[in-house]
Every structure is written in structure tokens, then in C-alpha cells.
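What follows is a single structure, written as C-alpha cells, with notes after it.
Quantities reported herein were computed from a predicted structural model and do not represent experimental measurements.
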There are 2 protein chains.
Amino acid sequence: MARTTMEDVAKAAGVSRALVSLAYRNASGVSESTRARILSTGNQIGYVHNRIAASLASTKPASIGVFLQDLHNDFFADVYDGIREIAEPKARQLVLSVGSRNHDRDASSLGTLEGAQVGTIIAAGLRMADSDALAHSQRTPLIAIARHIPGVDSVYSDNVFGGQLATEHLLQLGHRRIVFLANPPTDGYLGRREGYETSMLEAGLKPRVIESTYARSDAAEIATELLADTEAPTAIFAHNDQAALGVLDALAARSLVPGQDVSVIGYDNSSVSNTPGTALTSIDLHALELGREATRLALRRFENPDLEPQLVTSTPSLVLRATTGPVST
Amino acid sequence: MARTTMEDVAKAAGVSRALVSLAYRNASGVSESTRARILSTGNQIGYVHNRIAASLASTKPASIGVFLQDLHNDFFADVYDGIREIAEPKARQLVLSVGSRNHDRDASSLGTLEGAQVGTIIAAGLRMADSDALAHSQRTPLIAIARHIPGVDSVYSDNVFGGQLATEHLLQLGHRRIVFLANPPTDGYLGRREGYETSMLEAGLKPRVIESTYARSDAAEIATELLADTEAPTAIFAHNDQAALGVLDALAARSLVPGQDVSVIGYDNSSVSNTPGTALTSIDLHALELGREATRLALRRFENPDLEPQLVTSTPSLVLRATTGPVST
DNA sequence: TTGTACGCGTTATCAT
DNA sequence: ATGATAACGCGTACAA
């Protein structure tokens with residue numbers, strides 16, 4: 001039951017192996033008629049183009065590696081859609097790698113992609129120090145999504161602005177005691193917090209930042225404590241939608257109505273935020289567009305590896321839903 | 001800037017290429033001390049194990065292909081977690097392929113995996129005819145998740161039972177006009193519908209099946225029409241959670257309260273169903289466990305390719321939340 | 001532990 | 001323009 005090889009196809013079609021290779025790659029140098037004949041005989045005998053061998057033999061890498069932090073977060077699914085939309089027409093193979101709970105594994109995920117000999121890596125949601133990412137990018141060009149890493153191609157969504165956007169929305173609603181539920185500071189996504197702090201200070205208020213994780217349950221726990229406080233906030237700004245859901249869990253447990261008793265705003269505008277029951281006010285990063293831009297960048301880098309590090313910036317926007325409302329008196 | 005190869009490592013460490021190969025595979029035949037020395041020198045000069053070349057040279061395939069229908073559906077993320085949990089300790093490389101909107105591309109997704117020379121394909125949410133799937137499995141062993149394909153290894157969740165579970169729950173709440181919002185019948189997931197019909201007939205009621213798609217918006221549209229009907233249902237059973245969300249959208253648009261005015265039940269128990277605001281009653285397929293079982297099966301098939309087609313069946317369970325309630329009088 | 005044939009396409013280089 | 005021939009890429013497997 002040996003696999004059929006290109007040699008088999010060549011024999012069956014009465015041509016050379018080289019010609020079969022050209023035919024399968026839509027390369028020039030084969031007449032349309034013979035190409036068709038080759039492909040059809042290939043089908044007859046059940047040949048499938050062996051990408052592994054092709055990749056090994058080829059001098060230039062043809063595939064793009066994609067790192068996604070978490071499949072449970074819809075944001076990354078959107079990013080992936082954007083990537084695919086651009087990469088597919090260019091016949092670029094995508095090689096996926098998914099992050100795991102513990103950050104330290106991010107490096108090994110990138111290693112997996114390197115081992116697959118990808119030409120470029122698009123990374124969405126990388127949680128490693130800037131310096132580590134930079135070091136990695138020396139080996140295989142890296143494109144960071146939603147984060148700006150100096151010296152590395154970045155498709156950045158202006159997190160500082162987004163943080164301000166969220167905070168000022170709450171301020172306009174009359175909130176004063178606004179807490180920011182932050183992600184672990186080691187991850188590098190500090191813009192949102194910075195934007196929050198800026199807006200608070202400008203309004204003459206004291207920022208109150210509490211660090212949490214990406215786990216919904218952790219956010220719920222922290223929010224529960226917060227709400228029991230004598231100085232309980234009237235509004236909570238969570239670093240992402242997942243965490244915001246945790247806050248909503250905590251509110252539900254105390255029979256508090258989001259948007260009335262306490263305002264909650266998330267970040268990502270993931271699909272969960274858009275369910276009628278939840279209706280979470282959030283900041284939209286335009287994930288699809290981020291994915292597209294990153295891929296365009298990747299393709300450009302294939303053409304010209306010596307391009308200096310690029311920075312594409314996109315501006316997030318506020319998506320108003322039901323979990324934010326005027327401060328209750 | 002040529003990539004460093006195994007040869008380079010061998011020279012630097014003063015050993016043969018063969019030995020370096022063994023070291024990088026954790027294979028026996030290298031003393032612990034030299035293995036450590038080899039790996040460390042490999043690191044020094046920036047070598048990464050070239051999986052492409054390894055795969056080409058190796059006689060037996062080492063990787064498992066994973067097909068996931070849709071990254072936007074949390075169910076598949078759970079399945080993936082289960083797969084990874086089992087595959088990783090066995091050092092099996094996972095190669096991912098994601099389905100696209102139009103089903104006809106499913107075949108090409110499997111083709112991509114075949115091209116990557118995977119030894120087995122675990123497919124979650126495949127939407128192709130049984131016969132096509134069977135044909136594919138002749139070439140590369142296939143393991144179907146959440147679906148039973150005769151002649152193909154299947155980790156099946158008893159959809160018929162699940163359909164009955166959902167329907168009988170609604171019946172017990174006093175509902176009589178229960179509509180089943182079905183997926184496209186060409187996809188092969190017919191058990192849920194069958195279970196629904198069985199339970200309805202047993203209760204002496206006439207089943208009412210309306211076909212929809214996987215798109216939330218389509219479900220919303222259909223539900224809107226349904227609710228305007230003179231014979232409007234008091235309960236809607238959707239073939240999956242995504243569709244159920246669409247139904248909730250439609251209810252929200254008419255200011256109807258799910259669980260009070262109209263009961264809604266989904267299927268999958270995906271994370272969206274578990275938000276406090278949404279609180280969708282659903283059927284849990286135990287996605288994580290399905291992923292685990294499929295992977296165990298895959299590993300067994302690596303050992304023994306001539307195993308006759310296996311069928312593992314798992315039993316879904318009802319997860320009660322807020323969107324179902326007694327029929328309103 | 002080592003030497004080396006081998007796996008399967010690709011990419012020059014040549015011939016028609 | 002079309003097509004053929006042969007060297008090459010980078011590990012793995014097996015005999016020595």
C-alpha cells in the first residue's frame with residue numbers, strides 16, 4: 001500500500017517527474033492541455049501533492065505560520081478569518097499553532113511553527129516579553145497582532161486610545177468610582193490600562209487598578225470581593241470580554257443588574273458580547289481587519305525580507321450595548 | 001543566512017549526524033550525557049529540529065491531522081482541548097485544518113491534511129456525505145467526532161437520545177407546540193431531529209421541523225417568522241447553540257422573555273450558553289471527552305491499522321438554565 | 001556510534 | 001515554448 005508518488009503519475013501520464021511537478025504547482029512551462037491530462041491521471045491513481053516533500057525541496061518557504069492564543073476566545077477566530085481571506089487567494093499554506101494555558105509554552109508554540117519551516121509567523125495574542133519576541137523574530141520574521149513590539153512588525157490596535165474610549169464613556173455616564181480589572185502585567189498589553197489611568201487622572205480621579213487573569217472565574221472572584229467593599233465601584237472596566245463575563249457572573253450572583261446597579265464594559269467585542277441576554281458594552285478591535293493587515297504585511301515581507309520593521313495602527317471603536325448606563329443615585 | 005542544519009550541530013558537537021538525530025528524538029541509543037551536550041550545542045548555534053525533513057525521512061507518520069468545522073463555535077475549541085490533552089504526552093504533532101463556510105471545501109481541507117502526510121485525521125463537524133467520508137478514510141484513516149459514519153471510526157454522541165432529552169424536557173414543562181429548528185439535512189447530523197420526532201410522536205403530537213443553517217442570523221430570521229405565526233410555537237428546540245442564539249435575538253427584538261413567553265433550548269452547551277445573561281438551556285455533548293476518546297482511537301489505529309472500524313458512543317446530558325420554563329397559559 | 005542509501009519533490013541545466 | 005535529466009535539500013533507518 002505504498003503511497004503513490006509523483007513518479008507514478010509521471011509514468012502513468014508518460015511524462016517526466018519534473019513536468020508533473022510544474023503541473024501541480026500551476027507553474028508556467030506546461031501547456032494547458034498536458035497540465036489537464038497530468039492532473040486527471042493523478043486523480044485517477046489517487047495521488048495527492050506531498051506538501052512535506054515539496055516544502056523540503058523548495059528553496060523559498062511558502063507557508064505562513066499562525067499562532068492563536070486561545071481558541072475559546074472568539075476574537076482569535078475573527079483574526080484567523082481575516083488572515084485566511086488574504087492568504088488563500090495567494091495560495092499560501094497556513095500552519096496553525098494554538099497557545100496553551102501557561103504562557104511559558106508560547107515559546108514552544110513558536111518553535112513548532114519554526115520547525116514546520118514557515119516563512120513568517122503571524123502571532124495573535126502572544127504573551128511573552130518584548131525582548132523574547134524580538135529574539136525570535138531574528139530567526140523567523142514575526143508579525144504581532146494587537147500589540148506593538150519595538151523592532152518587530154506589528155499590527156497594533158491603539159490600546160491606549162481604546163482604554164480612554166471606555167473610561168470616558170463611563171465618565172460621561174457620571175461614574176466616578178471606576179475600577180480597571182487588568183490582565184497580568186507581564187503579558188505586555190499595557191495600553192488599555194494606560195489609557196484608563198490617563199483618562200481618570202485627567203478627570204481628577206484616582207485610578208484603581210486590580211490585577212486579574214484571563215480566566216473568567218478569576219475575574220468573577222475578584223469582582224465579588226470588589227462589590228462587597230464599602231467603597232464598591234459603580235463601574236468596572238475589564239481588560240477583555242472574558243473577564244467582563246466573569247464580572248457579570250458576580251453581579252448575577254448578587255442579583256445586581258448590569259447597566260443599572262453597576263456598569264460593566266469589556267474589550268474585544270467578541271461574539272459573546274453580542275448575545276441579546278448579555279449585551280455587553282465593549283471596545284471593538286476590528287479583529288478581522290487586524291488579521292487582514294497582518295497577512296498583507298506577511299506577504300510583503302516574503303517579497304522583501306529586508307524591509308525595516310513596520311507598524312500598522314488601527315483605531316478601536318466603542319460598541320454600545322446594555323451593560324453600561326448612567327450611574328445610579 | 002542559511003539555516004543551521006543537523007550537520008552543523010554534528011560538527012559542532014563532534015559527533016555524527018545520526019547521533020544528533022537520535023538525540024533530538026529522545027530515542028534510545030544515546031547516553032544521557034551526550035544527549036544533553038548535543039542539545040545544548042544545538043541551542044548555542046540556533047538549530048531547530050526540522051520537522052519537515054524529519055517527516056519526509058521517516059517511514060511512519062508521526063502526526064495527527066485535526067479538522068475543525070468552525071473556530072467561532074466553542075464546541076470545537078473544547079474538542080481540540082481534549083485532543084491535545086491526549087496527543088501531547090505522546091509527542092504527537094497536531095496539524096490543524098479549519099473548515100470554511102461552504103461545505104464543499106471540507107474535502108479540500110482533508111486534502112490539505114493528507115498533503116501534510118498525517119497518519120490519521122480526527123474530524124470534528126465534518127459535513128460531507130457518509131460515502132465521501134468513507135472514500136476518504138480508505139486513503140488516510142479518519143475518525144469522526146459527534147457523528148457516526150458506517151465503516152469509519154466514530155466517536156459518536158447519541159444524538160437521537162439528545163434530541164429526545166431536549167424534547168421530553170419541553171414536554172414535561174407542558175409545551176405542545178414545539179418546533180425543531182433543523183440543520184441542513186445534507187450534513188448528516190440527523191439524529192437530533194430523529195429524537196425530536198420520536199418523542200413528539202410518542203406524545204401524540206405532530207412534529208414540526210423547519211430547516212435552517214448554522215448561521216445565527218438565519219435562525220433569527222426564521223424564528224421571527226415563526227413567532228409572527230398564528231400557530232406560533234411555545235417552545236423552540238434549535239439544532240445547536242448558535243442557532244438558539246439567533247432565536248434569542250428574535251425574541252429580544254419582540255421583547256419576549258425566553259423561558260417565560262417562549263422556551264428555547266439549544267444543543268452543544270458551548271460557553272456562550274453559559275453566560276449569566278443568556279443562560280441558555282442546552283444539551284451537553286461532553287466535547288472534551290469526545291476529543292479525548294477520538295485521540296485514544298487515533299493512537300490505537302497507529303498501533304494497529306487493520307483494526308476494524310470502531311464505534312465509541314457517549315451519552316449527552318441536559319443542562320438546565322433559564323431559557324426554558326413552564327408553558328405560559 | 002558511525003557511514004550511507006533513501007524518501008519525494010524542486011530547481012537548475014539541456015535538448016528539441 | 002515544451003519537455004527531459006540529474007543534482008540537491010535534510011533528516012531517518014539500518015547495517016556495520
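Every residue two or more places apart in sequence or in another chain was checked for a ring-ring contact (aromatic ring centres under 6.0 Å, His included) with B:Y156, and none qualifies. Shown here are the ring-ring contact (aromatic ring centres under 6.0 Å, His included) partners of B:Y47, two or more places apart in sequence or in another chain: B:Y24.
Between the side chain of A:S154 and the backbone N or O of A:V152, at least one donor-acceptor pair lies under 3.5 Å.
Residues A:S33 and A:R37 form no side-chain contact, since every pair of their non-hydrogen atoms from C-beta on lies 4.5 Å or further apart. The closest side-chain heavy-atom distance from B:L71 to B:F76 is not below 4.5 Å. When side chains are defined from C-beta on, A:Q242 counts as touching A:N73, because their heavy atoms get closer than 4.5 Å.
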Quick one: do B:E289 and B:R296 satisfy salt bridge (Lys or Arg N to Asp or Glu O under 4.0 Å)? Show the steps, please. CA-CA 11 Å; B:E289 190 54 35; B:R296 294 194 188 104; 3.5 Å; yes
After noting the C-alpha distance and the side-chain angles of B:R3 and B:D8, does the key distance pass the salt bridge (Lys or Arg N to Asp or Glu O under 4.0 Å) rule? CA-CA 10 Å; B:R3 295 232 177 223; B:D8 300 327; over 6 Å; no
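Pairs passing the side chain to side chain donor-acceptor pair (under 3.5 Å) check and including a residue from residues 48-67 of chain A, sequence neighbours excluded, do not occur.
Heavy-atom contacts of chain A under 4.0 Å fall on DNA chain D between two terminal nucleotides, which in 5' to 3' order are D:dT2 to D:dC10.
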What does the B/S/- profile of nucleotides 9-16 of chain C look like, 5' to 3', with a 4.0 Å heavy-atom cutoff to protein? BBB-----
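Within residues 26-45 of chain B, no residue approaches DNA chain D, by heavy-atom distance under 4.0 Å.
Distance CD/A:E293 to CD1/A:I86: 8.0 Å, rounded to 0.5 Å.
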